[in-house]
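Each remark here refers to the structure printed beneath this line.
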Amino acid sequence: AKRHGGNTHRVFVPSYRAVADSRRDLIRDLREAIQTQSITLYYQPIINAQTRHLAGFEALARWTHPILGPIPPDRFIRLAEEAGLMHDLGYALLAEACCTARTWPQNLWVSVNISVDQLYHRSFVQEVRKILKETSYPPKRLQLEVIETIFMESDAATYGVLQELDALGVRIVLDDFGKGYSSLGYLRFFPFSKIKLDASFVRDMLSDSRSAAIVSAVIALAGDLGVAVTAEGVETEEYFHRLSNKGCTEVQGYLFGYPMPKERVASFIALNSRR
Ligand code: C2E
Ligand code: CA
Ligand code: CA
Ligand code: CA
């Protein structure tokens, strides 16, 4: 919608055809971006909530379209899944993350988001093994973040894949915990190394006592299960102190650092390392 002074908006309603064309164009551009390795990873620091030391980084995909500018990852990841491109993209990103993290100090890990499509692919475990071998990256320093929708298609198959990854020594993290429905059941059957408490609970915990109660309960539950818990979306000191006092394991958010290109990670590590 284009603004024409005052409150009047002239709304352009694209035809179905125009939408279909632009979607097809975007998929074509996405395919090309994957082939030319124009989709890159940024890395966001994750901090130990008790010691305040740097613990590792989450890898987050970035795509700047030559004409449209930055496309949000939520959007192009979904598009890649719908267009059947996620397997290739996911493989390239995982290899890239391991290659980059190999140059970091040995106490730091990298955490990579894995889409449902990738996990369900027949050769996923084999590919993870191959990437670890080719980049000679220690499995213990790799975390794979999955969301609970991975359990929707087939519980048994999903558990099988997660068990195999676990056997490789890779850590499995349950992302966006609390955003969906019946996460507790999954915690009962699969030994996740870590759960990530969704940013929506964190955001509301200072103003809403129900959200605060849920945050406390999830941290306590994780503690009883022997699972680490990372709080997402930590933007101010007040959130950090509350979460730290509740016994949260790790924190992630703009307070500690924005996602950054790999070139900036080295100086971030140098500035934030224990001496
Ligand atoms: P996510 O996995 O939950 O990632 C966390 C998101 O929160 C990131 O958004 C990050 O930039 C943002 N964030 C971090 N700290 C703060 C904060 O303090 N405040 C706020 N408001 N936001 C914060 P981003 O990078 O836009 O990614 C969005 C989603 O796209 C991710 O959510 C993930 O689901 C998906 N995604 C990103 N990269 C990949 C990837 O390589 N593979 C897959 N499968 N999905 C990805
Ligand atoms: Ca994530
Ligand atoms: Ca998340
Ligand atoms: Ca998400």
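In listed order, ligands and their atoms are each counted from 1. Note that these values count all heavy atoms, side chains included, but never hydrogens, waters or copies made by symmetry. Bear in mind the structure is a predicted one, so any value in this text is a computation, not a measurement.
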S244 (side chain) donor-acceptor with A49 (main chain) under 3.5 angstrom:
yes
Ranking G90, A61, S115, S111 by closest non-hydrogen atom to atom 44 (N) of ligand 1, top hit is S115
*asked:* If we ignore hydrogens and angles and just use 3.5 Å, is the side chain of D176 paired with the main-chain N or O of K179 as donor and acceptor?
replied: no
**Message:** With respect to Q118, determine whether any N or O atom, backbone or side chain, lies less than 3.5 Å from an N or O atom of ligand 1.
**Reply:** no
Q.
Between T230 and K196, do the side chains contain a donor N or O and an acceptor N or O under 3.5 Å apart?
A. no
A student checking ligand 1 against Q44 at a 4.0 Å heavy-atom cut-off should list atoms 14 (C), 15 (N)
- Item | is_close_aromatic(F240, F256), centroid dist under 6.0 Å | yes
Distance-only, no hydrogens or angles: does the N113 side chain make a donor-acceptor pair with backbone N or O of A59 under 3.5 Å? yes
Quick note on ligand 1: atoms under 4.0 Å from a heavy atom of L93 include exactly 41 (O)
### Query
Short question: side chain of T158, backbone of I150 - any donor-acceptor pair under 3.5 Å?
yes
The atom name of the N, O or S atom in E145 nearest to the Ca ion (ligand 2) is OE1
- Query: With side chains defined as the heavy atoms from C-beta onward, is the minimum distance between E235 and R203 less than 4.5 Å?
  - Reply: no
Quiz prompt | Polar contact flag, side-chain donor to acceptor under 3.5 angstrom, S115-D117 | solution = no
Does N113 put an N, O or S atom under 3.0 Å from the Ca ion (ligand 2)? yes
Among the N/O/S atoms of D176, the Ca ion (ligand 3) lies closest to OD1
Logged contact type for D74 with ligand 1, heavy-atom cut-off 4.0 Å, is both
- request: Answer yes or no on whether R102 is positioned over the face of Y137, meaning its NZ or CZ is under 6.0 Å from the six-membered ring centre and within 45° of the axis.
  value: no
In ligand 1, the atoms that come under 4.0 Å of a heavy atom of E235 are 17 (C), 18 (O), 19 (N), 20 (C), 21 (N)
Under 3.5 Å: donor-acceptor pair, side chain of Q143, backbone of V170: no
Any heavy atom of D176 under 4.0 Å from ligand 1? The part involved is side chain
P259 touching ligand 1 at heavy-atom level, < 4.0 angstrom:
yes
Within 4.0 Å of some non-hydrogen atom of G233, the atoms of ligand 1 are 17 (C), 18 (O)
For D175, the atoms of ligand 1 under 4.0 Å from one of its heavy atoms are 2 (O)
| query | Can you check whether Q252 has an N/O within less than 3.5 Å of an N/O in ligand 1? | reply | no
Q | Any K196 heavy atom less than 4.0 Å from ligand 1 | A | no
> Is a donor on one side and an acceptor on the other found under 3.5 Å between the side chain of R141 and the backbone of A101?
Replying inline: yes
Any heavy atom of N113 under 4.0 Å from ligand 1? The part involved is both
Original post:
Can you list the steps and then say if E82 with R23 is a salt bridge (Lys or Arg N to Asp or Glu O under 4.0 Å)?
Top reply: CA-CA 11 Å; E82 288 165 4; R23 192 188 133 85; 3.0 Å; yes
The N/O/S atom of E232 lying closest to the Ca ion (ligand 3) is OE2
Output field for angle at the Ca ion (ligand 2), E58.OE2 vs D175.OD2, rounded to 10°, should show 170°
Review point. Does E58 come within less than 4.0 angstrom of ligand 1, counting non-hydrogen atoms of the residue?
Key: yes
Query raised in the report: Any non-hydrogen atom of P72 lying under 4.0 Å from ligand 1?
Result: no
If we number the atoms of ligand 1 from 1 as shown, the ones under 4.0 Å from a heavy atom of E232 are 3 (O)
| query | E145 and S111: side-chain donor and acceptor closer than 3.5 Å? | reply | yes
